[in-house]
Amino acid sequence: APLEPFAVTIDFATGALVPDPDVLDRRLADLDGYFVADIDDPGVGAYTVHEVRVPPTGNNLLSSTTVLAPGKVGDEYFFTKGHFHAIRDRAEIYLTLSGEGLLVMALEDGRTVTKEMRPGIANYVPGHWAHRSVNTGTTPLVFYAVYIGDAGYDYATIAERGFPVIVVEGEEGPEVRPNPRYVA
Ligand code: 6PG
Ligand code: NI
């Protein structure tokens, strides 16, 4: 039977949803091994994901807000783990609601594209591109993601290989540099 139409309310500043039944918290401890430098305080909060509850099937659109804290580990700005979709060709759209950052995308062959994230920008992430959000600002980076319901997550590939590039604080702001730890 068809689902019932519904609406959620999104707070653009905090990413909170109403209703907000499925909230996932990631701490720096969950990003152990992801940064070039060692993590000082594994208890620090890194990001929160608020999911809209819909069956995760290929005929539905899943959506969520992500609230990524500002901060750095060594010279690297806080980022999300990043993933390929388990079904590789599943696409996704990110609409930034507040804050500023960079969306780093990578193909399995190591090619990367980096795009700006700021309020009002809708980033299109085609299938086959791993994606990671990086908060280069001083306030939370909040964005709304919409994706095909059966996309799923492959975290292992990024956990093992890393992204080909890292985003660090340079003399004149954020710089995208080759990742010395990338496993090509
Ligand atoms: C998704 C989206 C997005 C993402 C979060 C957290 O496929 O669901 O890309 O909601 O999951 O921003 O990032 P990680 O899933 O990489 O931890
Ligand atoms: Ni995704």
Side-chain angles (χ1 to χ4, degrees), residues 8 10 12 14-17 20-35 39 42 44-58 60-71 73 76-108 112-119 121-137 140-167 179:
V8 297
I10 304 174
F12 283 19
T14 67
L17 306 178
D20 202 352
D22 294 295
V23 182
L24 174 75
D25 275 307
R26 297 276 191 213
R27 293 167 186 277
L28 288 181
D30 298 308
L31 292 164
D32 189 29
Y34 281 74
F35 294 96
I39 291 166
V44 167
Y47 58 99
T48 302
V49 181
H50 303 254
E51 287 185 39
V52 176
R53 191 177 277 174
V54 168
T57 51
N60 279 314
L61 296 172
L62 286 180
S63 64
S64 58
T65 57
T66 299
V67 186
L68 175 57
V73 174
E76 277 181 284
Y77 297 102
F78 282 8
F79 53 61
T80 57
K81 288 184 169 191
H83 57 269
F84 291 93
H85 288 147
I87 302 182
R88 279 289 191 279
D89 67 0
R90 295 308 195 244
E92 177 151 8
I93 288 173
Y94 281 6
L95 173 64
T96 301
L97 307 178
S98 46
E100 59 186 279
L102 291 175
L103 175 55
V104 179
M105 292 162 282
L107 291 174
E108 283 192 274
T112 62
V113 172
T114 301
K115 294 285 185 188
E116 191 184 351
M117 297 178 78
R118 63 180 154 75
I121 295 182
N123 290 102
Y124 192 81
V125 183
H128 301 283
W129 290 85
H131 37 288
R132 162 178 288 167
S133 313
V134 183
N135 186 346
T136 58
L141 173 64
V142 183
F143 59 92
Y144 179 61
V146 182
Y147 38 103
I148 299 169
D150 63 358
Y153 300 92
D154 167 13
Y155 288 107
T157 304
I158 296 299
E160 287 159 17
R161 300 179 60 193
F163 270 75
V165 296
I166 56 174
V167 183
N179 179 2

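In listed order, ligands and their atoms are each counted from 1.
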At the Ni ion (ligand 2), what's the angle from H131 NE2 to H85 NE2, rounded to 10 degrees?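 It is 100°, given to the nearest 10°.
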Parallel, tilted or perpendicular, as decided by the 30° and 60° cut-offs, for the rings of H85 and H83: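 Because their plane-to-plane angle lies in the 30° to 60° range, the rings of H83 and H85 count as tilted.
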Looking at K81, I want to see if its NZ is surrounded by more than 12 non-hydrogen atoms of other residues, nucleotides or ligands under 6.0 Å. yes
Should we count CZ of R27 as having more than 12 external heavy atoms under 6.0 Å? no
So for [X], does at least one of its heavy atoms come nearer than 4.0 angstrom to any atom of ligand 1?
{"X": "H85", "value": "yes"}
{"X": "S64", "value": "yes"}
{"X": "G82", "value": "yes"}

Can we say R90 and D150 salt-bridge, meaning some charged N sits less than 4.0 Å from an Asp/Glu carboxylate O?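 Yes.
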Could you tell me whether some N/O pair between [X] and ligand 1 is separated by less than 3.5 angstrom?
{"X": "S133", "value": "no"}
{"X": "F143", "value": "no"}
{"X": "Y94", "value": "yes"}

Indicate, as side chain, backbone, both or neither, the part of R132 found under 4.0 angstrom from ligand 1 when only non-hydrogen atoms are considered.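 For R132, there is no contact with ligand 1 at all, from either part.
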Provide the number and element of each atom of ligand 1 under 4.0 Å from a heavy atom of Y155.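 With Y155 as reference, the close atoms of ligand 1 come out as 14 (P), 15 (O), 16 (O), 17 (O).
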At a 4.0 Å threshold, what atoms of ligand 1 neighbour a non-hydrogen atom of Y147? 1 (C), 8 (O)
May I ask you to test the F143-T66 pair for a side-chain heavy-atom distance under 4.5 Å?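 Of all side-chain heavy-atom pairs linking T66 with F143, at least one is under 4.5 Å.
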Testing the basics here: between L102 and V167, what is the closest heavy-atom pair and its distance to 0.1 Å?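 L102 and V167 have their closest heavy atoms at CD1-CG1, 3.8 Å.
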Which atoms form the tightest heavy-atom contact between H50 and L17, and what is the distance?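 Scanning both residues, the minimum pair turns out to be O-CD1, 3.6 Å.
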For E92, the N, O or S atom at the shortest distance from the Ni ion (ligand 2) is OE1
